[in-house]
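Just below is one structure, and these are the notes that go with it.
So that the names make sense, note that chain A is the first sequence line, chain B the second, and so on, each numbered from 1. Quantities reported herein were computed from a predicted structural model and do not represent experimental measurements.
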2 protein chains.
Amino acid sequence: MKLYDVQKDLSPHYLLMIKQDILLTVDSIVFTIYKEKLSVLLIQRLIEPFKDMRAIPWGFVLDNETLEQAAYRELEEETKVKNTYLEQLYTFSDVDRDPRGRVISCAYMALMRHEDINAKAESDAKEVKVFSMDKLPKLWFDHKKILDYALQRLRYKLEYTNVVQYLLPKHFTLSELQQVYEIVLNEELDVRNFRKKIDKLGIVKETWERVVRGAHRPAMLYEFTTKKTVIVDVL
Amino acid sequence: MKLYDVQKDLSPHYLLMIKQDILLTVDSIVFTIYKEKLSVLLIQRLIEPFKDMRAIPWGFVLDNETLEQAAYRELEEETKVKNTYLEQLYTFSDVDRDPRGRVISCAYMALMRHEDINAKAESDAKEVKVFSMDKLPKLWFDHKKILDYALQRLRYKLEYTNVVQYLLPKHFTLSELQQVYEIVLNEELDVRNFRKKIDKLGIVKETWERVVRGAHRPAMLYEFTTKKTVIVDVL
DNA sequence: CTAATAGTGTCTCTGAGACACTATCTA
DNA sequence: TAGATAGTGTCTCAGAGACACTATTAG
């Protein structure tokens, strides 16, 4: 930052503020379906303090990257997944949210297929693991709050977008699709009403392939009509 | 920030990133109704460069305040309004969004009554003025994009919250309320359907006072049932 | 009594939710 | 043919939108 530019632009009153001692991070909430549970990717510190606590994957923002790029980079480092679905959620800025110092964090939500996640303990300070949302460990600082916010957003988005596609394989049956909705929303859905709704949303189409998965009538395989998210960040 | 804490927590890989050369600001989009137009508060640089351009009011975040507090503080400095409605929108982080240097900005939306705004040219580097949204001047950098985003959010929020109250006086007629909706949404609304909708939202109640405003039947004055925003940030 | 705005009731259409049966496969 | 899941049709109710008339005041 060229200081003279700032000086020209701002009154002395503002000039005092240019020295900022704030670090900026991104937190990425990675949701996935694993063993028929809504799950989330968490990292663990292997050293004290807070050794027993898990955290949402996070990282510092580089000077020459956007927040979104930082989130993508972090996620790729942790999971090897590129081009996942990513959406900015909210920026958390409580002064004492991180006892180590002043850290403001922009939270993102990512959606991945579990089979794509190639989580690794990349450095000795980290270990990555998928946890079921109904058996969450103790989380760092305000990470529980961030996670709750993300879950709410995910549930909301399922209703009027096609983001569910990032939690499913390329081809799937309507029963599988319904199951994912039920898992995320945590409620049972009526088969017929669900199919009507999906039909109206227009997010899937038949592949005309059928698949036999047991001693019963085979199910039609469907695919998503578009890879583009119907409503992303409304930007 | 105590460096040893960070070192303990992070791998060398991350340690490199701790030196961040990023400044953090808040931008506050202030909407108000003025002369039957949806309007926005903008500031002007009185010196080169970009002297002709207007900007959304902004300011640096202090080390010991939240983003929200920074936005409130800035707004109070510019307008003398305290306790206005304020909502976080989105954090804009394009690397080149500000040609003067790396500045990441968290955008907030505020709603004010025009008569409450006591805008002032506080320093010689600024001048504050309310502009109609349909006669916007040229704006700094990405400020037009931020403003568009804010408008969209405002329109959306009108539909299912009572935030409109921050644009109206304490007592008002249903016609006035409808007019504000029409101004913001930029569309005409059916009188009867509008009243049914407001009734269903349950955000207003009768004061049983009537007001005569011309040679016609007097209108009932209403007030909002609650000052609490029905759905704020869903946090 | 005219002009101007306040205020109300009804019909239609569409979408959401409740609900029960038939279809097709394996073993 | 039994067991298991796939797949469909209809009724009801509620909310959204279109639409026309009466009420009350000042001048």
Side-chain angles (χ1 to χ4, degrees), chain A residues 33 36 155-162 164 168-169 171-225 230-231, chain B residues 33 36 155-162 164 168-169 171-225 230-231:
Chain A
I33 306 288
E36 305 186 354
R155 285 178 172 163
Y156 193 49
K157 283 260 164 152
L158 277 195
E159 302 290 346
Y160 67 97
T161 72
N162 60 353
V164 70
L168 279 164
H171 298 291
F172 51 90
T173 67
L174 290 185
S175 300
E176 289 164 343
L177 180 64
Q178 179 172 347
Q179 200 193 15
V180 171
Y181 269 82
E182 288 178 336
I183 288 170
V184 175
L185 299 176
N186 197 28
E187 60 178 317
E188 293 199 351
L189 300 172
D190 179 89
V191 188
R192 283 153 293 190
N193 296 336
F194 177 76
R195 285 169 189 233
K196 267 190 297 183
K197 181 186 167 156
I198 292 300
D199 190 45
K200 194 177 58 102
L201 277 179
I203 60 177
V204 301
K205 66 180 178 206
E206 301 97 336
T207 64
W208 303 110
E209 276 183 82
R210 280 165 201 281
V211 59
V212 180
R213 285 184 184 157
H216 53 79
R217 177 173 174 175
M220 170 84 79
L221 282 178
Y222 285 75
E223 62 189 358
F224 288 94
T225 47
V230 176
I231 300 180
Chain B
I33 305 288
E36 305 186 356
R155 284 178 173 161
Y156 193 49
K157 282 261 163 150
L158 279 196
E159 302 291 346
Y160 67 97
T161 71
N162 60 353
V164 70
L168 279 164
H171 298 290
F172 53 89
T173 68
L174 290 184
S175 300
E176 289 164 344
L177 180 64
Q178 179 172 347
Q179 200 194 15
V180 171
Y181 269 82
E182 289 178 336
I183 288 169
V184 176
L185 299 176
N186 197 29
E187 62 179 318
E188 293 200 351
L189 300 172
D190 179 89
V191 188
R192 284 154 292 191
N193 295 336
F194 177 76
R195 286 170 189 234
K196 267 191 294 184
K197 181 187 166 157
I198 292 300
D199 190 45
K200 194 177 60 99
L201 277 179
I203 61 177
V204 301
K205 65 181 179 204
E206 302 97 337
T207 65
W208 303 110
E209 274 182 84
R210 280 167 200 280
V211 59
V212 180
R213 284 181 184 161
H216 52 79
R217 176 172 172 174
M220 170 83 79
L221 283 177
Y222 284 75
E223 62 189 356
F224 288 93
T225 47
V230 176
I231 300 179

If you look only at pairs with a residue in residues 200-212 of chain B, which of them pass as a side chain to side chain donor-acceptor pair (under 3.5 Å), with sequence neighbours excluded? none
For Tyr222(A), give me all partners under ring-ring contact (aromatic ring centres under 6.0 Å, His included), at least two apart in sequence or on another chain. none
Between Ile198(B) (CD1) and dA6(C) (C1'), how many Å, whole number? 16 Å
Using a cut-off of strictly less than 4.0 Å, decide whether Ser175(B) has a side-chain nitrogen or oxygen near OP1 or OP2 of dT5(C). no
Whole angstroms only, please: what is the CZ-P distance between Arg195(B) and dT10(C)? 17 Å
Specify the separation, in whole Å, of atom CZ of Phe172(A) and atom C1' of dT5(D). 18 Å
If you take all heavy atoms of Val191(B) and Gln178(B), which pair is closest and at what distance? CA-OE1, 3.8 Å
Protein-nucleotide distance (Glu159(B), atom CD; dA16(D), atom C1'), rounded to Å: 12 Å
By the ring-ring contact (aromatic ring centres under 6.0 Å, His included) test, which pairs, at least two apart or in different chains, include something from residues 174-207 of chain B? Tyr181(B)-Phe194(B)
In whole angstroms, how far is the C1' atom of dT5(D) from the CG atom of Leu177(A)? 16 Å
Tell me: NE2 of His216(B) to C1' of dG27(D), nearest whole Å? 13 Å
Applying side-chain hydrogen bond (donor to acceptor under 3.5 Å, both in side chains), can you list everything that pairs with Arg155(A), at least two apart in sequence or on another chain? none
Which letter, B, S or -, goes with each nucleotide of nucleotides 13-23 of chain C from 5' to 3', with contact meaning a protein heavy atom under 4.0 Å? ---SBBBB--B
What are the two closest heavy atoms between Thr225(B) and Gly202(B), and how far apart are they? OG1-O, 3.2 Å
Enumerate the residue pairs fulfilling salt bridge (charged side-chain N to carboxylate O under 4.0 Å, His left out) with a member in residues 180-191 of chain B, sequence neighbours excluded, ordered by first and then second residue. Asp190(B)-Arg192(B)
Would you mind telling me which residue lines up with the more 5' stretch of DNA chain D, Ala215(A) or Leu174(A), judged by nearest nucleotide? Ala215(A)
May I have the distance from Arg210(B) (atom CZ) to dT24(D) (atom C1'), rounded to whole angstrom? 10 Å
Base, sugar-phosphate, or nothing: which does Arg213(B) touch, judged by heavy atoms less than 4.0 Å apart? nothing
Asp199(B) CG - dG15(D) C1' separation (whole Å): 13 Å
